[in-house]
Amino acid sequence: MPYQRVLLTGAAGHLGRVLRARLAGRFPVLRLSDVAEMDPAGPGEEVMRCDLANADAVAELCRGVDAILHFGGRSNEDSWDTILSANIAGAIHLWEGARLAGVRRIIFASSNHAIGLHRRSTRIDHRAQAAPDGRYGLSKAFGEDLAALYAYKHGIAALCIRIGSSFAEPADARQLSTWMSFDDLVRMIEVGLGADYTYEIVYGVSDNSRSFWDNSNAERLGYLPADSADRFAAALAEKRTADPVAELTQGGTFSSAEFSGDPSALP
Ligand code: NAI
Ligand code: 15L
């Protein structure tokens with residue numbers, strides 16, 4: 001992969017730490033950033049602590065970078081203030097910093113919560129209408145549109161990965177549908193860095209037979225998942241919530257939290 005310096009945001013987080021370990025040595029320089037403290041730089045690493053809410057600091061962070069893996073920001077539902085600064089302003093600062101620095105592509109850790117209010121019974125693909133299930137999901141839908149603006153208008157290619165649930169193992173019945181193994185996440189990032197595209201949305205999910213999503217767009221780009229949540233089915237299939245809106249929708253408890261709408265009106 002012809003990248004001299006790759007920036008990983010969110011490097012102190014759950015997936016950031018996984019990716020730091022698994023991407024070590026893949027590029028001449030891996031620049032690691034987070035607002036939180038990180039382990040000191042090892043060989044081939046740079047560590048730059050930075051708050052995504054600070055536009056000048058983010059512009060500096062992007063300088064000299066070829067590609068960005070944008071995993072930083074609030075990763076769960078939160079107040080408007082937090083979502084606005086970490087995820088919405090943070091994304092604006094990142095894409096604008098990338099434009100100023102001549103970054104060639106950005107792989108964006110979007111989320112299934114951008115479309116979380118879709119019913120589980122509706123099998124959707126990358127062209128489904130946005131249906132965010134909260135403020136957090138809305139910030140991911142915004143990030144996807146921001147990525148499209150900078151891809152088509154400024155030539156920064158973007159792969160938006162609507163990650164399902166990326167943990168060491170699935171934890172409940174819903175995650176039998178949404179789980180993405182760490183190895184498959186790395187496979188998707190390899191596709192994002194290597195494939196030829198301008199702007200694409202894909203689902204970050206392993207080869208789960210219960211998946212909510214038609215991920216043919218990812219397969220078209222070259223994604224071939226090797227893992228599946230199916231082997232956990234016997235242990236987890238009955239591990240459900242008691243909430244009808246959570247069970248009806250792809251976003252699960254993100255959808256049911258604060259829900260005051262009409263379930264029969266959901267897409
Ligand atoms: P995490 O919460 O463990 O990591 C996020 C990191 O972003 C944290 O280290 C945090 O300190 C950092 N951060 C938060 N606000 C920041 C700010 N203002 N400036 C700079 N850094 C800031 O989350 P996780 O699980 O590692 O997720 C990584 C990314 O993937 C997130 O964007 C999340 O939305 C996305 N994602 C993760 C999924 C999963 O299953 N783990 C599913 C869908 C999306
Ligand atoms: C996400 O977007 C979150 O970042 C992650 O912690 C999980 O809650 C995941 O979605 C999920 O839907 O399981």
Side-chain angles (χ1 to χ4, degrees), residues 7-22 32-39 47-55 57-58 61 68-79 81-94 97 106-118 120 132-144 147 160-182 184-185 188-189 202-206 208 211-213 229 236 241 246 249-257:
L7 166 64
L8 172 64
T9 67
H14 158 69
L15 293 181
R17 280 178 280 118
V18 168
L19 293 176
R20 179 177 184 173
R22 288 172 191 235
L32 302 156
S33 184
D34 203 291
V35 73
E37 201 171 332
M38 293 156 283
D39 289 341
V47 169
M48 286 178 71
R49 209 162 161 185
C50 173
D51 186 345
L52 290 162
N54 181 333
V58 175
L61 181 67
I68 300 176
L69 312 177
H70 183 39
F71 280 69
R74 183 66 185 124
S75 61
N76 273 294
E77 187 58 294
D78 214 318
S79 67
D81 278 355
T82 298
I83 295 295
L84 186 61
S85 65
N87 290 15
I88 296 181
I92 293 169
H93 298 158
L94 189 91
I106 298 179
I107 296 173
F108 174 46
S110 183
S111 170
N112 71 90
H113 297 291
I115 45 80
L117 283 182
H118 282 282
R120 295 183 184 187
D133 57 24
R135 295 173 291 278
Y136 165 69
L138 178 65
S139 74
K140 295 299 187 179
F142 173 82
E144 292 181 0
C160 301
I161 310 174
R162 288 179 180 162
I163 302 172
S165 309
S166 192
F167 301 101
E169 292 188 353
D172 55 25
R174 173 178 170 275
Q175 291 187 9
L176 293 174
S177 302
T178 58
W179 185 61
M180 181 182 222
S181 72
F182 297 146
D184 282 343
L185 175 62
M188 186 69 90
I189 288 172
V202 294
Y203 290 92
V205 66
S206 284
N208 311 329
S211 176
F212 304 141
W213 308 306
L236 298 177
T241 72
T249 59
Q250 299 184 2
T253 54
F254 283 64
S255 302
S256 56

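Counting starts at 1 for both ligands and their atoms, in listed order. Along the sequence shown, residues carry numbers from 1.
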[X] (side chain) donor-acceptor with [Y] (main chain) under 3.5 angstrom:
X	Y	answer
Arg135	Asp78	yes
Arg49	Val35	yes
Trp179	Phe167	yes
Ser166	Met180	yes
Glu144	Ser110	no
Arg20	Asp39	yes
Asn54	Ala57	yes
Glu77	Tyr136	yes
His113	Asp133	no

Side chain to side chain contact (heavy atoms under 4.5 Å, CB included) between Ser33 and Leu7, intermediate numbers included: CA-CA 7 Å; Ser33 184; Leu7 166 64; 4.0 Å; yes
For ligand 1, which atoms have a heavy atom of [X] less than 4.0 angstrom away?
X	result
Ile163	38 (C), 42 (C), 43 (C), 44 (C)
Gly10	6 (C), 7 (O)
Ala86	15 (N), 18 (N)
Phe167	40 (O)
Ser165	40 (O)

Minimum-distance protein heavy atom relative to [atom]:
atom	value
atom 4 (O) of ligand 2	Ser75 O, 2.6 Å
atom 32 (O) of ligand 1	Lys140 NZ, 2.9 Å
atom 6 (C) of ligand 1	Asp34 OD2, 3.6 Å
atom 40 (O) of ligand 1	Ser166 N, 2.7 Å
atom 34 (O) of ligand 1	Tyr136 OH, 2.6 Å
atom 1 (P) of ligand 1	Ser75 OG, 3.6 Å
atom 5 (C) of ligand 2	Phe167 CZ, 4.0 Å

Should the proximity of His113 to ligand 1, defined as any heavy atom under 4.0 Å, be assigned to the side chain, the backbone, both, or neither? neither
Specify side chain, backbone, both or neither for Ser85, according to which of its non-hydrogen atoms lie closer than 4.0 Å to ligand 1. neither
Hey, does [X] come in under 3.5 Å of ligand 1, counting only N/O atoms on both sides?
X	answer
His70	no
His14	yes
Val35	yes
Phe71	yes
Gly13	yes
Ser111	no
Gly73	yes

At the 4.0 Å heavy-atom cut-off, does [X] count as touching ligand 1?
X	result
Ser33	no
Gly164	yes
Ser110	yes

Residue portion contacting ligand 2 (non-hydrogen atoms closer than 4.0 Å) for [X]:
X	answer
Ser111	side chain
Ile163	neither
Lys140	neither
Trp179	neither

Do you see a donor-acceptor pair shorter than 3.5 Å between the side chains of Ser256 and Thr253? no
Does any donor atom in the side chain of Asp184 or Ser206 lie under 3.5 Å from an acceptor atom in the other side chain? yes
Among Ser177, Ala171, Gly164, Gly204, which one has a heavy atom closest to atom 9 (C) of ligand 2? Gly164
